[in-house]
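Scroll down for the structure; my scribbles are underneath it.
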Amino acid sequence: MPLRGTEMTRRELGQLALGAWFSGSVSAEAASASSNAPDIVRWRADFPALDQTVNGHPLAYLDSAATTQRPAAVLAALLDYYRHDNANPGATLHALARRAYEQYEGARRTLAAFINADPDEVVWVRGTTEGINLVASAWARPRLRPGDELLLSVAEHASNLLPWRLVAEQTGATVRYLDVDDEGRVRLDDLDRKLSERTRLVSFSHVSNVAGYINPAAEICARARRAGTHVLIDAAQSAPHVPLDVRSLGCDFLVFSGHKMLGPMGVGVLWGRRELLEDMSPYQAGSNMAHEVGLTSQEFEHAARKFGAGTPNVSGPVGLAAAVQYLGNQNRSAIERHEAELTQYGLERLADVPGLRLLGPSSVTQRLPVFSFVLAEHSPAEVLQHLDTRGIAIRSGDLSALPLLKRFGVSAASRASCYLYTHTADLDRLAAALRELTPSHGKESR
Ligand code: PMP
């Protein structure tokens, strides 16, 4: 037991490890990852957190839909920012303030390019949840009247459900729900049936965090716009995997979180059409979002900048921009091929587990490697605990999407989710550990 006072804190240990990592003392896996190595070997080597054992087993991280791991490039960008450029940003102030400002605004340009938007339309938020709340409070609340309708789907995450229910209660508007099919796809026939002149907004997840299906977002937007309504896309699960172009999608608002796409926690993007942002009142007020602030008057900043009250989170956008650059440096079609292979492989492996019921599409196309399931005779909590003892990280519970789980006839489920660094061997280990829980396990060898 180390002596009190000399005992290293977890943070100090982390810094030491990170320092060693940056000074070139990398893992064996990383060391072998030359530029000629297969993509998956190089990708895995880029993520220091994958290189550890959990409960005596190598970590199999299958919880990327909840949050991804961060590549060393993102960790380095954060460290570099704090080491060299940290200051309260200001375009015309001292050198560090100018550098912080340039990094912050450079990140805004990077994220704008990532979704084919104008930087003035990029609002920094804490994540998808805050972005949706901002739209609900600053756009919907002053505009909704009794009798107006908000159209969601039953597959929405709680963060794209509760903000609308609250704003409906506050304004007398009604929330209506689109049905999904038995595999969790939004039903376009139901969309056509429920869109009316009363619909003020359609808000839907591009990809459900449970089913993994990629909804036809551009088609949903086109139908909504034909009906004369506005559309918000919850891109929390799609931004990490699917190229996003707000112009060709035809939406009015789009929201995503940095931590689900290799960036830091506590930062995300709300994109809004410039004219809508200009027309909205501020969500929060304070410094940095107004000029000429006197005792009785002020002039608000324009477009997205109106929503940046207070000292900004600079390192968050800097880290998120580094994540976007990291993704941009990879062969995007190689990632897509890898994810399609993981989808096919995972579906096959899980189909072999006796008593396992998959929730979501069983087909490979138009879906991501997200596998939600229930196992006969074992609660999702038991499944999670068992897998944890084997070093396999998944998620269990209501997955913040209870209405969809109920649509599937369950109230809890387990979910294994993948990203570019996931190896098919992780899915082998998942299936093998699940088989250990099935009643027939071990009988063959007796
Ligand atoms: N929508 C979807 C589809 C999600 O998967 C999540 C996160 N699980 C959210 C919204 C909320 O994202 P955050 O917690 O990062 O705000």
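Whatever order the structure lists ligands and atoms in, that order sets their numbers, starting from 1.
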Check your understanding: Do any nitrogen or oxygen atoms of H157 come within less than 3.5 Å of a nitrogen or oxygen of ligand 1?
Key -> yes
Review point. In the protein, which heavy atom is nearest to atom 5 (O) of ligand 1, and how far is it?
Key: Q237 NE2, 2.7 Å
Review point. Does D120 reach the main-chain N or O of A303 with its side chain, forming a donor-acceptor pair under 3.5 Å?
Key: no
Check your understanding: At a non-hydrogen distance cut-off of under 4.0 Å, which region of H259 contacts ligand 1 (side chain, backbone, both, or neither)?
Key -> side chain
Practice item. Run the salt-bridge test on E339 and R332 with the 4.0 Å N-O cut-off and return the result as yes or no. Key: no
Review point. Parallel under 30°, tilted from 30 to 60°, perpendicular over 60°: which one fits the rings of Y326 and F47?
Key: perpendicular
Check your understanding: Who's the nearest protein heavy-atom neighbour of atom 16 (O) of ligand 1, and how far?
Key -> T129 OG1, 2.6 Å
Check your understanding: With under 30° as parallel and over 60° as perpendicular, where do the rings of F253 and W139 fit, or are they tilted in between?
Key -> perpendicular
Review point. Does S257 use its side chain to pair, donor to acceptor, with the backbone of K260 at less than 3.5 Å?
Key: no
Point to revise | Exam field: side chain T171 to backbone R141, donor-acceptor pair closer than 3.5 Å | key: no
Review point. Counting each atom of ligand 1 from 1 as listed, which ones have a heavy atom of T128 under 4.0 Å away?
Key: 10 (C), 11 (C), 12 (O), 16 (O)
Review point. In terms of atom number and element, which parts of ligand 1 are under 4.0 angstrom from non-hydrogen atoms of S257?
Key: 12 (O), 13 (P), 15 (O), 16 (O)
Review point. Counting each atom of ligand 1 from 1 as listed, which ones have a heavy atom of N209 under 4.0 Å away?
Key: 5 (O)
Review point. What residue and heavy atom of the protein are closest to atom 10 (C) of ligand 1, and at what distance?
Key: D234 OD2, 3.4 Å
**Study point:** Salt bridge present between R305 and E105 (N-O < 4.0 angstrom)
**Key:** yes
Review point. Should K260 be listed as contacting ligand 1, given a heavy-atom distance under 4.0 Å as the test?
Key: yes
